[in-house]
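In this chain, numbering begins with 1 at the start of the sequence shown. We use all heavy atoms of the structure for the numbers below, so side chains are in, but hydrogens, waters and symmetry mates are not.
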Amino acid sequence: MADLREPDITERQERILARVVEEYVATGAPVGSKTLVQRIDLPVSSSTVRNDLAVLEELGFLTHPHTSAGRVPTDLGYRYFVDRVLESLEPRPQTGFELDLSQVRTQVDSALRETTEALAEVTHLLALVSAPPLETATVRHVEVLVLQPQVVMVVLITSSGGVTKRLVSLEEPVDSGLAEWAREYLNERVGGHQLGTRALRACFEDPGLSPQECDFLAGLQPAFTAALEAGDEMLYVGGTAGVLDEFGAEELRGYRRLLEVLEQRAAMLDLMRVSLASKRPFVRVGSEFEDPDLSNVSLVGAAYGLQHRNLGAVTLLGPIRMDYVKAIDAVRGASRELSRFVEELYED
């Protein structure tokens, strides 16, 4: 990963750098001093701007394509620009991005799919949202159904909207009254507990239960373990086709590599987990990726979740020449709406 430490520059040079980034993002063409003088609100001459551009290039913020008199941002230039954007963020996102999750109700997977589709449509970038780990979901409802004299089906519904079913074969015929008792007991005692927690396991070991009740519950307990083990961490992706239009010809190698990485779900999830330690949005630019083939790609992300715990991340991936202000605003807006959604489910 490249070390993108930022040299000190003057306030005027900072404004010039910001304008170069904005113009290059908008047009894809190298930016010259004449363009900057026309569009930047500074009482300076073209020669002063040219001198500042030369300084910025010498410091590594800009580069000078040999076929043009204009400059384009380097990774360091983008990094400096992005850091200033992040530093100036308002407490609440000032976004036109709208995400209506009122129709998906308790289905987390539907909410995450809606989010990826909305983000991809608004930004024309590749949208990725990681689902909350299954162990953070709580038990919402349990059904115990006698299918055959010695076969019971346990149906487990979690706060994430997930439904798992497990057939349990028992040595003795099942009394329907015992199955009904187990259903009521589990909904009363297990409901609201997170999967995989000690508190949930303790519900199966209550010393006040009779030996028959303990034995029956012990036969049902693997259904809860199986629900946890079956819950692969999910990654929702939207916009794989549309983002292709955002990459220039010289950037297509990075796009192809990006699609390869997407096929390796674990690698992409690892990439997104860096956002889970903070409530603030984050950006990774080009050479900050360990994979050199992603040097033309940038990632913008924000975590979502509960007030005391992040559960997942909302991210946008696209060419390094992207509209960072719009992307940051979009992931912040989506993160805020998803956080509201999961708080209603997980804090019930």
*Between atom CZ of Arg71 and atom CG of Leu36, what is the distance when rounded to the nearest 0.5 Å?*
9.5 Å

*Arg340 and Glu343: salt bridge (Lys or Arg N to Asp or Glu O under 4.0 Å), yes or no, with the steps?*
CA-CA 5 Å; Arg340 287 176 176 172; Glu343 280 172 2; over 6 Å; no

*Heavy-atom distance under 4.5 Å between the side chains of Val144 and Leu186, does that happen here?*
yes

*May I ask you to decide if Ser335's main-chain N or O and Ser339's side chain share a donor-acceptor pair within less than 3.5 Å?*
yes

*Can Arg79 and Asp75 be counted as an ion pair, charged N to O under 4.0 angstrom?*
no

*asked:* Quick one, Leu59 and Leu76 - any side-chain contact, counting heavy atoms below 4.5 Å?
replied: no

*How many angstroms lie between atom CZ of Arg19 and atom CD of Glu14, to the nearest 0.5 angstrom?*
13.5 Å

_As an exercise, state the distance from CG of Leu316 to OG of Ser298, rounded to the nearest 0.5 Å._
11.5 Å

*Determine the minimum heavy-atom distance between Gly70 and Pro65, stating which atoms define it.*
O-CD, 3.4 Å

*asked:* If I take atom CD from residue Glu57 and atom CG from residue Asp52, how far apart are they, to the nearest 0.5 angstrom?
replied: 13.0 Å

_Pairs flagged by salt bridge (Lys or Arg N to Asp or Glu O under 4.0 Å) wherever residues 176-192 is involved - sequence neighbours left out_ = Glu180-Arg183, Arg189-Asp206

_Distance-minimising heavy-atom pair for Val44 and Arg12_ = CG1-CD, 3.8 Å

Let me check something: any side-chain donor-acceptor pairs from residues 166-176 under 3.5 Å, sequence neighbours excluded? List them with distances.
residue : atom : partner : partner atom : Å
Asp175  : OD2  : Gly177  : N            : 2.9
Asp175  : OD2  : Leu178  : N            : 3.0

*Below 4.5 Å, heavy atoms only, C-beta onward: do Leu119 and Leu125 meet side chain to side chain?*
no

*asked:* Could you check whether atom CD of Glu87 has more than 12 heavy atoms from other residues, nucleotides or ligands sitting under 6.0 Å from it?
replied: yes

*Would you say Leu126 and Leu128 make side-chain contact, with heavy atoms under 4.5 Å?*
yes

*Approximate separation, where rounding is to 0.5 Å, of Phe81 CZ and Leu86 CG*: 10.0 Å

*Between Leu217 and Ala182, what is the shortest heavy-atom contact and its length?*
CD2-CB, 4.3 Å

_Please determine whether the number of non-hydrogen atoms from other residues, nucleotides or ligands lying under 6.0 Å from atom CD of Glu121 exceeds 12._
no

*Roughly how far apart are Leu299 CG and Ile320 CD1, rounded to 0.5 Å?*
12.0 Å

*Decide if atom CD of Glu11 counts as having more than 12 heavy atoms of other residues, nucleotides or ligands within a radius under 6.0 Å.*
no

*If you draw the axis of the six-membered ring of Tyr80, does the NZ or CZ of Arg84 fall within 45° of it and under 6.0 Å from the ring centre?*
yes

*Cut-off 3.5 Å, side chains only: do Thr115 and Tyr304 have a donor facing an acceptor?*
no

*Val25 and Met322: which non-hydrogen atoms are nearest, and at how many Å?*
CG2-O, 3.2 Å

_Phe216: which residues meet the ring-ring contact (aromatic ring centres under 6.0 Å, His included) condition with it, sequence neighbours left out?_
none

*Tell me, do Val283 and Ile328 make a side-chain contact under 4.5 Å, heavy atoms counted?*
yes

